[in-house]
There are 2 protein chains.
Amino acid sequence: MPSVMPKIFIVDDDDSVRKGLERLLKSLDYRVQSFACAQEFLDQASVKGVCVLILDVRMPKFSGLDLQQEMLRRNMSLPVIFITGHGDIPMSVRAIKSGAIDFLSKPFKEETLINAIEQAVVKSKGLQKEYLKYQAIRNRINVLTERELQVMKWVITGMLNKQIALKLGISEKTIKVHRGRVMQKMEVVSVAELVRLTEKVGIKPSS
Amino acid sequence: MPSVMPKIFIVDDDDSVRKGLERLLKSLDYRVQSFACAQEFLDQASVKGVCVLILDVRMPKFSGLDLQQEMLRRNMSLPVIFITGHGDIPMSVRAIKSGAIDFLSKPFKEETLINAIEQAVVKSKGLQKEYLKYQAIRNRINVLTERELQVMKWVITGMLNKQIALKLGISEKTIKVHRGRVMQKMEVVSVAELVRLTEKVGIKPSS
DNA sequence: AGGTCTATTGGCCTTTAGTCCAATACGGAT
DNA sequence: ATCCGTATTGGACTAAAGGCCAATAGACCT
């Protein structure tokens, strides 16, 4: 596999800080993209693959903590490392509770940042892996018809074909047909596997 | 249900702080038990039901953070609220990353502590609920014989009786018998349910 | 109008799962 | 020595799952 270096996003309104971080990180072979404000990042950044966000807390209008909340709201899960000149404990508590990897006060040692980035990269790799698995399953679910999805949700309750037929008001034979297609499309050969797949993507059994 | 008030443990080496907190919390009807050091808490506290730990960071010998780590190691999952007179950001980051509910610097407003406790109680109730479910399942698993457990781990892979028989080098008939007993003892009527139960307690399918 | 996708159902047949009854065998406890 | 729990297996039988072929019907697209 052609493992690309992780991408590191920097969002900081201070030009000199951005430049400095950019230089440091590029010297370590990371791919770097920086933004002067949160909105710019949300509009332009393409968060794909393994990536990390280095985020300044204090910025005009849209603070770093606001950006973090907005990313949570949008289900964007990339690890965040906060940096700040004037941080306090409640601020750091909030950041970490919202999932940040670290919260560094300036000035900090280069090594500290590098360590945090390493942690974030590991986390991102994990998230990436989960995301790919998730998508692989979702793709299969997307080719199910409405009816098939419906039948699947009953099948994973463990109910008998006969009972499902009753629930849906159609014949048992038809359930068997749908059920067979579900197994094909989901690429499984047993209900056990089907239950596992649906659990992973959060599909709940009916009723 | 006779919902008892949550129990709040206090671990702080400062007598006056313990007394003060104790008075405050008792006035709010919480059940309170305090300890002057971490070891005393580990030895004597009975962490059952809904409970919360208010923990001083700086203590002689065994620090609050050390106690938190020790509890993680022992799989004791009760929500922790740190309080400290001389905290810093890295300290709070470490505490929260290890799962603490909050990290309060003295002096703090009573209200702030009360809020944190409310959060912690909610969390503890959630943990308690999960724990009870977990135990209910574990209790059933504990009445399985070795052989039955072994068969169950193959059943939840979705394998056919025939295939399991081959794996274990015994007849298919015997698998059916064990399998039947597993379903009885686990109190389920379908493989789907069995898969769900085993997932919840972290039992992995064989091979 | 013809083609495609989907839902529906039937018949036929095979494979699996699971239950009841019965029997053998081994190890440990009384 | 005997009883109990566990593992093992067989026979017989019922029920459930699922595959193959075929057919009908409605919706939607070209």
Side-chain angles (χ1 to χ4, degrees), chain A residues 137-201 203-207, chain B residues 137-201 203-207:
Chain A
I137 299 172
R138 275 291 168 193
N139 287 339
R140 296 182 223 167
I141 292 179
N142 287 337
V143 303
L144 295 179
T145 66
E146 266 310 296
R147 198 53 150 173
E148 284 161 357
L149 181 60
Q150 198 178 16
V151 169
M152 184 173 79
K153 286 180 180 174
W154 283 107
V155 168
I156 60 178
T157 65
M159 221 171 255
L160 300 180
N161 289 341
K162 191 189 295 184
Q163 301 173 301
I164 301 175
L166 202 64
K167 286 278 180 191
L168 298 184
I170 56 182
S171 88
E172 182 182 346
K173 180 65 218 210
T174 310
I175 300 297
K176 286 189 184 181
V177 174
H178 287 313
R179 187 168 178 157
R181 273 201 249 284
V182 167
M183 301 298 277
Q184 271 186 30
K185 291 185 177 178
M186 296 301 291
E187 295 168 35
V188 295
V189 295
S190 66
V191 178
E193 295 169 78
L194 189 63
V195 170
R196 257 181 250 291
L197 285 198
T198 51
E199 289 274 292
K200 270 199 195 120
V201 296
I203 286 188
K204 301 289 174 201
S206 279
S207 188
Chain B
I137 300 172
R138 273 292 167 191
N139 287 339
R140 298 182 222 167
I141 292 178
N142 287 338
V143 302
L144 296 179
T145 66
E146 266 309 298
R147 199 51 150 173
E148 285 160 357
L149 181 60
Q150 198 177 16
V151 169
M152 183 174 79
K153 286 180 180 173
W154 284 108
V155 168
I156 60 178
T157 65
M159 223 171 254
L160 300 179
N161 289 342
K162 192 190 295 183
Q163 301 172 302
I164 301 175
L166 201 65
K167 286 279 179 191
L168 298 184
I170 57 182
S171 88
E172 181 182 347
K173 180 65 219 218
T174 310
I175 300 297
K176 285 189 184 181
V177 173
H178 287 315
R179 186 167 178 159
R181 274 201 248 285
V182 168
M183 300 298 277
Q184 272 185 32
K185 293 185 177 177
M186 296 301 290
E187 296 168 34
V188 294
V189 295
S190 66
V191 178
E193 295 169 77
L194 189 63
V195 170
R196 258 180 247 293
L197 286 198
T198 51
E199 289 273 293
K200 269 199 196 120
V201 296
I203 287 189
K204 301 290 175 200
S206 281
S207 190

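Nearest-nucleotide positions on DNA chain D for K173(B) and M183(A) put K173(B) closer to the 5' end. Along DNA chain C, the nucleotide closest to K176(A) and the one closest to R181(A) are compared, and the more 5′ of them pairs with R181(A). Between E146(B) and G180(A), the residue anchored nearer the 5' end of DNA chain D, judged by the nucleotide with its closest heavy atom, is E146(B).
Rounded to whole Å, the distance from CD on E172(B) to P on dT15(C) is 12 Å. Rounded to whole angstrom, the span from the CD1 atom of I170(B) across to the P atom of dA7(D) amounts to 9 Å. Put simply, CD on Q184(A) is 11 Å from C1' on dG18(D), counting in whole angstrom units. Look at CE on M159(A): it is 20 Å from P on dA15(D), rounded to the nearest Å. Rounding to whole angstrom units, CG of residue L168(A) and P of dT9(C) are separated by 10 Å. Residue L149(A) contributes atom CG, which lies 14 Å from atom P of dT6(C) at whole-angstrom precision. Atom-to-atom, NZ of K185(B) to C1' of dG5(D) comes out at 9 Å; the value is rounded to the nearest Å. When the P atom of dG18(D) is taken as reference, atom CG of L160(A) falls 11 Å away, rounded to whole Å.
Close to dT8(D), at under 4.0 Å from its OP1 or OP2, lies a side-chain N or O of H178(B). The side chain of K162(B) contributes no N or O atom lying less than 4.0 Å from OP1 or OP2 of dT15(C). OP1 and OP2 of dA16(D) both lie 4.0 Å or more from every side-chain N or O belonging to N161(A). OP1 or OP2 of dT9(C) has at least one side-chain nitrogen or oxygen of S171(A) nearer than 4.0 Å. In terms of phosphate contacts, R179(B) brings no side-chain nitrogen or oxygen within less than 4.0 Å of OP1 or OP2 of dT19(C).
Between the side chains of Q150(B) and R147(B), at least one donor N or O sits under 3.5 Å from an acceptor N or O.
The CE atom of M152(B) lies 11.0 Å from the CE atom of M183(B); values are rounded to the nearest 0.5 Å. Distance CD1/I170(A) to CD1/I175(A): 4.0 Å, rounded to 0.5 Å.
Of all heavy-atom pairs spanning A192(B) and V191(A), the tightest one is CB-CG1, 4.1 Å. The shortest non-hydrogen separation linking M159(B) to R179(B) is O-NH1, 4.1 Å.
Nearest to the side-chain atoms of T145(A) among the listed nucleotides dG10(C), dT6(C), dA7(D) stands dT6(C).
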